[in-house]
Amino acid sequence: MNAALRTEYRKLVTTRLWWILLLSMAAYMAFLAGIMAFALTQDPASLTGGVPGADPAAPMTPEAVARTIYTLATSLGYVFPVIVGAMAMTSEFRHQTITPTLLAEPSRTVFLTAKMLSSVPVGLLFGVVGTAATVGAGAGVLALLGKPAYLTDPIVLRSAALSVLALTVWTVVGVGFGALVTSQVAVIVIMLAFTQFVEPILRIVMGLFDWSEGISKYLPGAAGEAITGSSLYAGSGMAAGLLPSWLGFVTLLGYAIVFALIGRLTTLRHDIT
Amino acid sequence: MSKDVAMSSPADRNASTDGVIVIDHLVKTFGSVRAVDDLSFTVRPGRVTGFLGPNGAGKTTTLRILLGLVAPTAGTATIGGTTYGQVTPPMRAVGAALEAASFHPGRSALDHLRVYAPQAGVSDARCREVLAFVGLDTVAGRRAGGFSLGMRQRLALATTLLGDPPVLLLDEPANGLDPEGIAWLRLLLRHLAAEGRTVLVSSHVLSEVEQTVDDVVIIARGRLVHSSSLAELASLAEPSVRVRSPNAAGLVALITAAGWADRVEPAVVGQPGVAVIHRVTAPEIGARAFAAGLELHELVPRDVGLEGIFLRLVGEDAGVEVAEPHLEAGAAR
């Protein structure tokens, strides 16, 4: 297992994909945090005013604004660690390296487990960089606008730290999803569509009805936000509230494990031809 | 060769497995297709064995079953008495390169080896060593995506050698190599077998490996058609002689009188005075012609060649046997 872990980790860091995505994430998160720091401090109602049936938008407290900005990577940027994790698996099939991989490690369970665990340090890196980019740019813009940045507030800092954890779990979810859907193109299309479009809409629509509001909290994006205890969607009144932090963690990790189990019983049980 | 599999240290190459490959009544069906059909053969250490058959004969499927990548429908395939992966780490027991060029195009040659180094239990220094051994040390830092087919073959070979295994399974290793590369591969494989290793090399062309292999295993349509040493295979060759006489009628009369009419190659029947006669030696024809007073201008024994035997065995002889000698090399490519 130790050798398999080192092999899988080396696979992750010996191609260019990881740092290209990491730089993209840092730039995108810094950009979003700057924009959001400006928007949320200017006119919070403008974000929610158009959604029918939602509670009348309550202005966010300055502390909630800071927490929302510092956890933006979990709200909007998790697609980067997810894709890094998923591509770690799909590239094995795309480039047929799955053959030498399984020759070196014939146990497919050991291989899949090593793949998931080896993504943790890379996920941590994405979490740290993504969160640091939002905190850096967000706090910078808040300071420029003369608003409090809450950089010494323990609750705000705890949310930012938990954002690192959430993004790490997202990486593992990506690996599990890659084992389930091994086509690289399909994975990227599904990931982008679901995380950037389908889930946000689902959360907003499901949040409108009593019967679906509770279920919407268990959607993966909502669970990821729940880990941090702060949500762009919930905080701005667009979607239902969040699960407790620990339950968000368990839920998101559950997605990773369920995806991986199904992948183990389908993709990795078949003949490798 | 030690039979003591479990107790040997990984560093002791010859003791980690006795190196005998046994394919025993192996069957694999994909839907209604029997890709491997009751196949049995044995491959011995210390020799280079050619695993031959036309494309689609079931070679790659057999190798993938042997390597645990494909589950057999029936039968067993073992290396050193165990199925693949029972001896750990597997890269120290068996080095295998399958047909697909399995590299991440964005990973450098050295990093490709470094990825597998932990599982082979070797250092980065060993990675550099095998890279130099296959002649890729000057391109160690270049990404494999830009490699030619020949360079990919060398990198695949380097991967199999990483763990210094006593058994090597190479699927079409000569594919894409230039003549110099093929000569190099031939020396390398002979050297590895001389060290006591089991070397199994697949190919769809016998001529590609006939100067390399000691033994041949020939399959067609998933079934074994021949298994022997190369020398025994050569003994299956049938003599064949090209005869030319200015007296066309006399030649026909001679062939008919000798009862060889059904042995005459059809393609040259149309040329008066020329015949290619199978299963007869030149002295036999010469003696009869002399006795009959027939003037001969050609009496040329034709080398059927191992490729001809191979193609006849796998049931693809028709296209080549009728061809003129100078076309055979091209047809066999």
Side-chain angles (χ1 to χ4, degrees), chain A residues 1-22 83-84 87-115 117-119 121-122 178 182 184 265-273, chain B residues 28 30 35 60-61 63-73 83-122 124 127 143-145 155-156 159-160 162-163 165 169 171:
Chain A
M1 189 63 181
N2 190 25
L5 274 173
R6 285 169 61 211
T7 286
E8 292 306 328
Y9 179 74
R10 284 183 178 189
K11 281 182 193 166
L12 275 168
V13 297
T14 51
T15 59
R16 288 174 295 178
L17 178 77
W18 72 273
W19 62 258
I20 292 173
L21 281 175
L22 188 66
I83 285 181
V84 161
M87 300 243 311
M89 188 57 88
T90 58
S91 72
E92 294 268 8
F93 291 91
R94 181 180 170 88
H95 303 300
Q96 294 164 338
T97 50
I98 189 71
T99 292
T101 290
L102 290 179
L103 290 182
E105 178 46 74
S107 164
R108 300 178 185 189
T109 302
V110 169
F111 157 65
L112 180 57
T113 309
K115 200 69 146 177
L117 292 178
S118 69
S119 73
V122 174
T182 52
Q184 190 138 305
L265 296 175
T266 55
T267 308
L268 288 174
R269 213 186 54 182
H270 297 154
D271 288 343
I272 304 296
T273 53
Chain B
K28 178 64 185 182
F30 293 110
T60 303
T61 302
L63 291 179
R64 285 188 176 268
I65 293 171
L66 187 57
L67 293 166
L69 296 168
V70 166
T73 306
T83 53
Y84 185 83
Q86 298 295 309
V87 179
T88 54
M91 287 183 82
R92 286 195 165 235
V94 179
L98 294 179
E99 193 168 19
S102 309
F103 309 111
H104 192 294
R107 199 171 280 139
S108 74
L110 181 61
D111 277 342
H112 168 77
L113 295 178
R114 286 186 63 248
V115 156
Y116 299 107
Q119 291 178 321
V122 300
D124 285 7
C127 298
R143 286 195 289 275
L155 184 55
T159 315
T160 67
L162 204 56
L169 308 178
D171 198 2

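First the proteins, then the strands, lettered A, B, ... as listed; each starts at 1.
- Here the closest heavy-atom approach between residue A:Leu103 and residue B:Pro90 is recorded as O-CG, 3.5 Å.
- Contact detail for A:Ala104 and B:Gln119: the closest heavy-atom pair is CB-OE1, 2.9 Å.
- Residues B:Arg143 and A:Arg16 have side chains in contact (heavy-atom distance under 4.5 Å, counting atoms from C-beta outward).
- The two atoms that bring A:Thr7 and B:Tyr116 nearest to each other are OG1-CA, 4.4 Å, heavy atoms only.
- For residues 105-113 of chain A, heavy-atom neighbours of chain B at less than 4.5 Å comprise A:Glu105, A:Pro106, A:Arg108, sorted by residue number.
- With chain A as the partner, the residue from B:Pro105, B:Gly68, B:Gly85 showing the most heavy-atom pairs under 4.5 Å is B:Pro105.
- Using a 4.5 Å heavy-atom threshold, the side chains of B:Lys28 and A:Asp271 count as touching.
- Counting heavy-atom pairs under 4.5 Å between each of A:Lys11, A:His270, A:Glu92, A:Arg94 and chain B puts A:Lys11 at the top.
- The side-chain contact (heavy atoms from CB on, under 4.5 Å) test applied to B:Ala117 returns A:Arg10, B:Val122, B:Cys127, not counting sequence neighbours.
- Of the listed residues (B:Val115, B:Leu67, B:Asp111), the greatest number of heavy-atom pairs within a distance under 4.5 Å of chain A belongs to B:Val115.
- Listed here is the closest heavy atom pair of A:Thr97 and B:His104: CG2-N, 3.7 Å.
- Among all heavy-atom pairs drawn from B:Arg64 and A:Ile272, the shortest one is NH1-O, 2.9 Å.
- Only the side chain of A:Ser91 comes within contact range of chain B, with at least one heavy atom under 4.5 Å from a heavy atom of that chain.
- The line from CG of B:Leu98 to OG1 of A:Thr273 is 11.0 Å long, rounded to the nearest 0.5 Å.
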